[in-house]
Q: 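I'd like to ask you about the structure that follows.
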Amino acid sequence: LRALHPDNNREIPHELIAKAEEWAATFIITSEDVLKAASSSPRRRSEDAGGWRAKYVQACLGCQTTLDSLTLAFQRICRGQLPEAAAAEFSGARLVPLNKPKPGIRPVGVPLVLRRIAGRIFAARFRDSWADKLVGADGRVVQFAIGRKAGSQADVFACQEFLQLRPDWGATLMDVD
């Protein structure tokens with residue numbers, strides 16, 4: 001599976017890190033952000049690499065002390081303030097083999113539950129500013145993967161290539177289902 005799903009170990013330019021750190025200092029997450037993002041996470045998704053499911057985090061939301069701790073944790077996650085070893089683990093995924101229609105398997109990465117919830121926090125915060133970029137002039141949603149063979153994979157490679165040409169830019173990957 002690992003051979004079919006190679007690591008992405010590219011170096012991040014120092015200028016981009018500096019810009020991200022500057023932006024992150026202003027990014028504030030509230031307990032309401034965490035509550036909304038965690039509550040809306042699907043309960044029956046696959047276990048992550050640590051065996052966690054969203055319903056385990058959701059079970060903790062009724063206790064204000066735990067919610068405050070989760071909020072602090074997500075504040076650090078979203079600001080990129082994790083220790084290096086934790087960040088490496090956080091950016092990984094559990095690989096699950098899926099059968100392809102033709103002989104072979106497709107490796108699918110299942111990210112950590114906390115990473116998925118952090119993504120929901122970002123998506124909720126920036127939904128309005130992204131909306132105009134995701135809707136075409138005709139009012140229809142712009143999409144690049146549906147109906148295209150390996151469309152999602154092609155989009156990821158195109159984004160990686162673009163970001164190599166523009167190291168001062170960032171990107172967000174959204175999978176809406």
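Hydrogens, waters and symmetry mates are skipped; everything else that's a heavy atom, side chains included, is used.
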Q: Within the distance-only criterion (no hydrogens, no angle test), does the side chain of Q58 pair as donor or acceptor with the backbone N or O of S41 below 3.5 angstrom?
A: yes
Q: Under the 3.5 angstrom rule, does the side chain of Q75 hit a backbone N or O of F27 as a donor-acceptor pair?
A: yes
Q: Are the side chain of D48 and the backbone of V113 linked by a donor-acceptor contact shorter than 3.5 Å?
A: yes
Q: Tell me every residue that passes ring pair (Phe, Tyr, Trp, His ring centres under 6.0 Å) with Y56, counting only those two or more places apart in sequence or in another chain.
A: W52
Q: Roughly how far, to the nearest 0.5 Å, is OG1 of T30 from CZ of F74?
A: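 Output value for this atom pair is 12.5 Å.
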Q: Between R94 (side chain) and G109 (backbone), is there a donor-acceptor pair under 3.5 Å?
A: no
Q: Closest approach of C60 and L70, non-hydrogen atoms and distance?
A: CB-CD1, 4.4 Å
Q: Could you tell me if the side chain of D33 sits less than 4.5 Å from the side chain of R125, heavy atoms only?
A: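 Yes; the side chains approach each other to less than 4.5 Å.
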Q: Do L98 and I105 touch side chain to side chain, with heavy atoms closer than 4.5 Å?
A: no
Q: If you take all heavy atoms of F90 and A118, which pair is closest and at what distance?
A: CZ-CB, 4.5 Å
Q: Start with the C-alpha distance between R116 and V110, add both sets of side-chain angles, then the distance that settles side-chain contact (heavy atoms from CB on, under 4.5 Å), and finish with yes or no.
A: CA-CA 9 Å; R116 293 194 306 243; V110 179; 3.4 Å; yes
Q: Should we count CD of Q64 as having more than 12 external heavy atoms under 6.0 Å?
A: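 Correct, the count exceeds 12.
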Q: Nearest 0.5 Å, please: how far is CG in L72 from CD1 in I29?
A: 10.0 Å
Q: With a 4.5 Å cut-off on side-chain heavy atoms, are V57 and L114 touching?
A: yes
Q: Nearest 0.5 Å, what's the CZ-CD distance between R53 and E47?
A: 4.5 Å
Q: Look at atom CD of E89 and say whether more than 12 heavy atoms of other residues, nucleotides or ligands are closer to it than 6.0 Å.
A: no
Q: Heavy atoms only: give me the nearest S31-T71 pair and the separation to one decimal.
A: CA-OG1, 3.2 Å
Q: Just so I know, are the side chains of L61 and T66 near enough to count as touching, which here means a heavy-atom distance under 4.5 Å?
A: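 Answer no - side chains too far apart.
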Q: Quick one, R120 and S40 - any side-chain contact, counting heavy atoms below 4.5 Å?
A: yes
